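Taking it in order: structure first as structure tokens, then the write-up.
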Amino acid sequence: MNNKLSPRHSVHRIFVVMIFGLFLLFLLLMLLFGARAYSVSVAGSQKNNNLYTASAYVTAKFRQHDTGTDQEIYCDTLGNSQALCMTDIIEGTKYITYIYLKDGNLTELFTVADSQASASAGTSISQLSDFQAENLDNGFYRISLKSATGISA
């Protein structure tokens with residue numbers, strides 16, 4: 001028996017190694033394109049996330065305060081900002097929740113109604129470039145939100 005490799009067997013090995021190399025190359029390309037698609041998808045969802053968070057938050061707060069008889073909703077100002085105001089009576093004490101735009105952030109301030117409310121004391125909810133609340137006739141409200149990227153809701 002001859003232990004030397006014939007030229008035919010070495011060509012087969014080279015062919016197998018080349019096929020394996022092509023497989024690895026395509027696998028690497030597929031991973032790179034997948035990573036790029038994922039990063040674009042995440043960036044897009046983060047752009048819309050602030051607007052979605054703000055919209056869902058305002059909607060939930062509005063619905064929470066639209067049902068009770070001891071609660072009212074109205075528009076007012078807090079500092080130099082237009083604010084959507086919602087009242088609660090808890091154990092005989094009246095509280096106001098202010099939702100307003102402060103330094104590019106939708107902000108909430110929950111305080112006792114008799115206190116001197118300060119716009120700088122609020123908690124940031126999400127980044128927005130514009131927030132408008134308007135009391136329409138018959139108890140309807142128009143609430144407009146605009147994200148930092150210019151998308152409106």
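Source: prediction; values computed, not measured. In this chain, residues are counted from 1 in sequence order.
The residues Glu108 and Lys102 are annotated as not salt-bridged, no charged nitrogen and carboxylate oxygen being separated by less than 4.0 angstrom.
Separation of the Phe62 and Tyr141 ring centroids falls under the 6.0 Å cut-off.
Taking a 6.0 Å sphere around NZ of Lys146, one finds it holds 12 or fewer heavy atoms contributed by other residues, nucleotides or ligands.
Listed by chain and number, the hydrophobic cluster partners of Ile89 come to none, as no ILVMFWY side chain reaches under 4.5 Å of it.
In this structure, Leu109 and Ala117 approach most closely via the heavy-atom pair CD2-CB, 3.9 Å.
By the 4.5 Å heavy-atom criterion applied to side chains, Leu145 and Asp130 are not counted as neighbours. Looking at heavy atoms from C-beta onward, Asp88 lies out of side-chain contact with Lys94 at the 4.5 angstrom threshold. Counting heavy atoms from C-beta outward, Leu136 and Glu134 have side chains that approach closer than 4.5 Å. In this structure, Phe131 and Ile99 have side chains that are in contact, with non-hydrogen atoms separated by less than 4.5 Å.
Summarising the geometry, atom CZ belonging to Arg142 is positioned 11.0 Å from atom CG belonging to Asn135; distances are rounded to the nearest 0.5 Å. Between atom OG of residue Ser147 and atom OH of residue Tyr52 there is a gap of 15.5 Å, rounded to the nearest 0.5 Å. We find the SG-CD1 distance between Cys85 and Ile73 to be 10.5 Å, quoted to the nearest 0.5 Å. To the nearest 0.5 Å, atoms CD1 (Ile96) and CG (Leu78) are separated by 9.5 Å.
Evaluation of the ring pair (Phe, Tyr, Trp, His ring centres under 6.0 Å) rule for Tyr95 yields Phe110 as partners, not counting sequence neighbours.
A donor-acceptor pair is defined here as one N or O able to donate and one able to accept, closer than 3.5 Å; such a pair exists between the side chain of Thr87 and the backbone of Glu72. Here the side chain of Tyr100 pairs a donor or acceptor atom with the backbone of Ala119 at under 3.5 angstrom. A distance-only check finds no donor-acceptor pair linking the side chain of Ser115 to the backbone of Thr111 [under 3.5 Å]. Using a distance-only test at 3.5 Å, with no hydrogens or angles considered, a donor-acceptor pair links the side chain of Thr107 to the main chain of Asn105. Using a distance-only test at 3.5 Å, with no hydrogens or angles considered, a donor-acceptor pair links the side chain of Ser39 to the main chain of Arg36.
Hydrophobic clustering (side-chain heavy atoms under 4.5 Å, transitive across Ile, Leu, Val, Met, Phe, Trp, Tyr) keeps Phe23 apart from Leu28.
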